[in-house]
Protein chains: 2
Amino acid sequence: MRKGEQTRTLILNEAVALASQVGLEGLSIGSLAERLAMSKSGLFAHFGSKEDLQLLTLKQAQTLFFEEVLSPALKHARGLPRLRALFSNWLAWVKRNDDLPGGCLMLAACVEYDDRPGAVRDLLVAGQRELRGALAKAIRIAIDEGHLKPRTDPWQLTFELFGIVLATHHDFRLLGDARALERAGDALERLIEAHRAAAPSA
Amino acid sequence: MRKGEQTRTLILNEAVALASQVGLEGLSIGSLAERLAMSKSGLFAHFGSKEDLQLLTLKQAQTLFFEEVLSPALKHARGLPRLRALFSNWLAWVKRNDDLPGGCLMLAACVEYDDRPGAVRDLLVAGQRELRGALAKAIRIAIDEGHLKPRTDPWQLTFELFGIVLATHHDFRLLGDARALERAGDALERLIEAHRAAAPSA
DNA sequence: CACACAATAGTACGAACGTTCGTTAACTGC
DNA sequence: GCAGTTAACGAACGTTCGTACTATTGTGTG
């Protein structure tokens, strides 16, 4: 029972890395088994079907994202510091290259499954909603703390922040433009400045 | 010589539609032939290889984009009007559903090929560079016309505009959120306002 | 140490993949 | 209206896909 779980997570981590390059749909059991130097059938036995493998791979990526982006941001002070930490962690996640050689798996899956109904898409949408909710909540807190104007629309700001991250991913991954990271930082600061509360600041 | 060209473009248009749903990599000759009610071999004869089909499909989509987004925007007055037209055409392109049921093929391909070297990626990157250049040029003109501040960085603004479109595509396609379109409009106006030149306006 | 069972390997399957071939049907230019 | 060209077809290639079985190895426990 122990060995099984162990190799299963080993498989899933490799699956996340491979899927980040070829997509969740392009992920094949054969090639995954080859990369892990194990038999196709042996690997397949861990998952009842390919869709199961895809779901668990996506969930693994989501967990990883939560642990590396959202969770550590919560350790920062409420308001703008936390929002900035979240954004900066997110950019670091986008540019990491060690175990996500093909960029963010979730962002890739978003485009892959935007009109491919099924369990994978449902899980993906749920994750995106959660992330957007967390972002909006961080913004709302920043408003309550008096860092941002009360008239700031959290969802509008969330939308625009998300756009900056998407553009960064695009420029960094496809065009190989490292300046995208500073552009993202500039865009964030300009956005914050536009919504910053008048009297006290942070 | 005439009939051939005719069915070839017929094939390519259908290929653009299909690839917008399943991606350029997921595009298979068999399923494409089935949708066109013709034989796999008959279809294949029009293209020497699958990569050729992918390249021509992408090029077809790029041409379509140019004709529907970039080209009509040039008919508007230089400066902000043209920039606004470009943006609005672009949003219309993103939300169109008749012959691009799966969203923008180029945006999907950007994620699919961001680390998959080859001719397809090269063509894609070239197209993206051209688009970004056109956007930056429109912004520069708006600066020269006195609509935007002289200190505005065209490339930074291009980056942020692109991010808004990406976020719109994401929210509209994956989350099915129609409000994304107004959010995009609001974001654009706020962005313009932040960079608008002081004295004369448009 | 041995037994029980979990974990992996092996083999085989039907289907779909991209591609090649030879042949037939349809068009085009004189 | 015939000759020559081009477009489309059906069949088959070898490979890979996901999945189903059976057999063998390995591990943990009494």
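Basis for what follows: all heavy atoms, side chains included, without hydrogens, waters or symmetry-related copies. Chain letters run A, B, ... following the sequence lines, proteins first and then strands; every chain starts at 1.
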Using atom CD of A/Q6 as one end and atom P of D/dT27 as the other, report the distance to the nearest whole Å. 10 Å
Touch class at under 4.0 angstrom, heavy-atom based, for A/S41 against every strand present: base
Counting only side-chain heavy atoms from C-beta out, which of C/dT8, D/dG10, C/dG18 sits nearest to B/I29? C/dG18
Send over the distance from B/R8 CZ to D/dT6 P, rounded to a whole Å. 14 Å
OP1 or OP2 of D/dT16 under 4.0 Å from side-chain N/O of A/S31: no
Heavy-atom distance under 4.5 Å between the side chains of A/I139 and A/T158, does that happen here? yes
When all nucleic acid strands are considered with a 4.0 Å heavy-atom cut-off, which category describes B/S28: base, sugar-phosphate, or nothing? sugar-phosphate
Contacting residues from residues 43-59 of chain A, given that a heavy atom lies under 4.0 angstrom of DNA chain C: A/A45, A/H46
Restricting to pairs with a member in residues 165-178 of chain A, which pass salt bridge (Lys or Arg N to Asp or Glu O under 4.0 Å), not counting sequence neighbours? A/D171-B/R132, A/D177-A/R179
Carefully, step by step, assess B/K137 and B/E130 under the rule salt bridge (Lys or Arg N to Asp or Glu O under 4.0 Å). CA-CA 10 Å; B/K137 185 178 172 187; B/E130 202 173 334; over 6 Å; no
Check this for me: does any side-chain nitrogen of one of A/R183 and B/D153 sit under 4.0 Å from a carboxylate oxygen of the other? yes
Rounded to the nearest angstrom, tell me the gap between atom CD in A/E5 and atom C1' in D/dT27. 15 Å
Establish, yes or no, whether a centroid distance under 6.0 Å links the rings of A/F162 and A/W155. no
Quick one: A/M38 CE to D/dG26 P, roughly how many Å, whole number? 14 Å
In this structure, how many angstroms lie between the P atom of C/dA16 and the CG atom of B/L32, rounded? 16 Å
A/K40 NZ to D/dC21 P: how many Å, rounded? 16 Å
Kindly indicate whether the side chain of B/F87, heavy atoms from C-beta on, has any atom under 4.5 Å from the side chain of B/I164. yes
